[in-house]
Amino acid sequence: MSELQETFISHLVELRDRLLRAILAVVVVFVCLMPWASDIYDLLALPMMRTLPEGTHMIATGVVTPFFVPVKVTMLVAFVAALPVVLYQVWAFVAPGLYAHERRFALPLVFGSTVLFMLGMAFCYFFVFGTVFKFIANFAPKSIVPAPDIEQYLSFVMTMFIAFGLTFEVPVAVILLVKTGVVGIAKLVEARPYVIVGAFIVAAVVTPPDVVSQCLLAIPMCLLYELGIIISRFVAKGSDASEIEGGEEPLERIGNTGPDAS
């Protein structure tokens, strides 16, 4: 019992150290970026500013909003910039408890998930925002002068970033379902019509109430689902061979196997 308590406490201490290192990395990047907080927000607002009438600007309805909104944006950018360090700390904490074949599978999975999430955010920023804002600007009555609030704009942008980032994680979710044996590839193919309907329903709930943004989210979701099925076929072929390969077990999983084991 005392050995178990010592092991548990050592894991907690290591977890604390890993969290502190990850937070420190984010804080360091945040402090370095703070002098350019206003420029970072202007870069985030660029897709909206391009669609506003000439001479029109965004507004801030709160007293401290012009300060806190750029700070929030800078903090989010700092987290994304420090994400490799954060993920490394997570990996360094989890890796000792994994088998050799699990480590070989988990590392590409973590790397691929990060890349796909960032690709989803980039797709949203460079393509979706410009298309949606241009559509809304052309649809708006000429008697209205749009003046978006910066706090509401930040909330909208973060919602869209998360939605598209998670959408681009669909291949990872499909591969995990196949790899863990929860769902077979044949079942995934059979579920394709339901996935398409579900994608458009999710897009209708998450995106603004316009057809353009709904299609821009639902169509990539369906395509990424198909990509996940294609990749899963290759993963499933090599799964049996990889699982039977020998290798040392992690220390946490090695127990007493001798005659004295209780």
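Side chains are part of it too, since the values below use all heavy atoms of this structure and drop only hydrogens, waters and symmetry mates. Treat the numbers as computed from the prediction; the structure is a model and nothing was measured. In this chain, numbering begins with 1 at the start of the sequence shown.
Under the 4.5 Å side-chain contact rule for hydrophobic residues, M158 and M48 share a cluster. With hydrophobic clusters built from ILVMFWY side chains whose heavy atoms lie under 4.5 angstrom apart, V195 shares a cluster with I175. Note: the hydrophobic cluster containing L223 does not contain V206 (ILVMFWY, side chain heavy atoms under 4.5 Å, direct or indirect links). L227 and I185 fall within the same hydrophobic cluster, defined by Ile, Leu, Val, Met, Phe, Trp and Tyr side-chain heavy atoms under 4.5 Å apart, directly or through other members. By the rule that hydrophobic residues join a cluster once side-chain heavy atoms approach within less than 4.5 Å of another member, L20 and F79 end up as members of separate clusters.
Closest of all the heavy-atom pairs between V172 and S113 is CG1-OG, 3.5 Å. What you find for L52 and H57 is that their closest heavy atoms are CD1-C, 4.4 Å.
Using modelled atom types, no side-chain atom of Y88 and backbone atom of A22 make a donor-acceptor pair closer than 3.5 Å. When atom types are taken as modelled, the side chain of Y41 and the backbone of L154 share no donor-acceptor pair closer than 3.5 angstrom.
Summarising the local packing, CD of E151 is surrounded by 12 or fewer heavy atoms from other residues, nucleotides or ligands at distances under 6.0 Å. Around atom CZ of F68, no more than 12 heavy atoms belonging to other residues, nucleotides or ligands sit under 6.0 Å away. Taking a 6.0 Å sphere around OH of Y125, one finds it holds more than 12 heavy atoms contributed by other residues, nucleotides or ligands.
Side-chain contact between R192 and E226 is present, with at least one heavy-atom pair separated by less than 4.5 Å. Side-chain contact between T61 and I59 is present, with at least one heavy-atom pair separated by less than 4.5 Å. Within the 4.5 Å cutoff, no side-chain heavy atoms of M160 are placed close to those of L217. Counting heavy atoms from C-beta on, the side chains of L176 and L109 come closer than 4.5 Å. Side-chain contact between F30 and V71: present, with at least one pair of heavy atoms (C-beta onward) separated by less than 4.5 Å.
Relative ring orientation between H11 and F93 is described as perpendicular, the plane-to-plane angle rising above 60° on a 0-90° scale split at 30° and 60°.
A distance of 6.0 Å or more separates the ring centres of F117 and F161.
With T131 as the partner, the side chain to side chain contact (heavy atoms under 4.5 Å, CB included) test is satisfied by one option alone out of F127, F129, F133: F127.
Applying the 4.5 Å side-chain rule to ILVMFWY residues, one finds I201 in the same cluster as V197.
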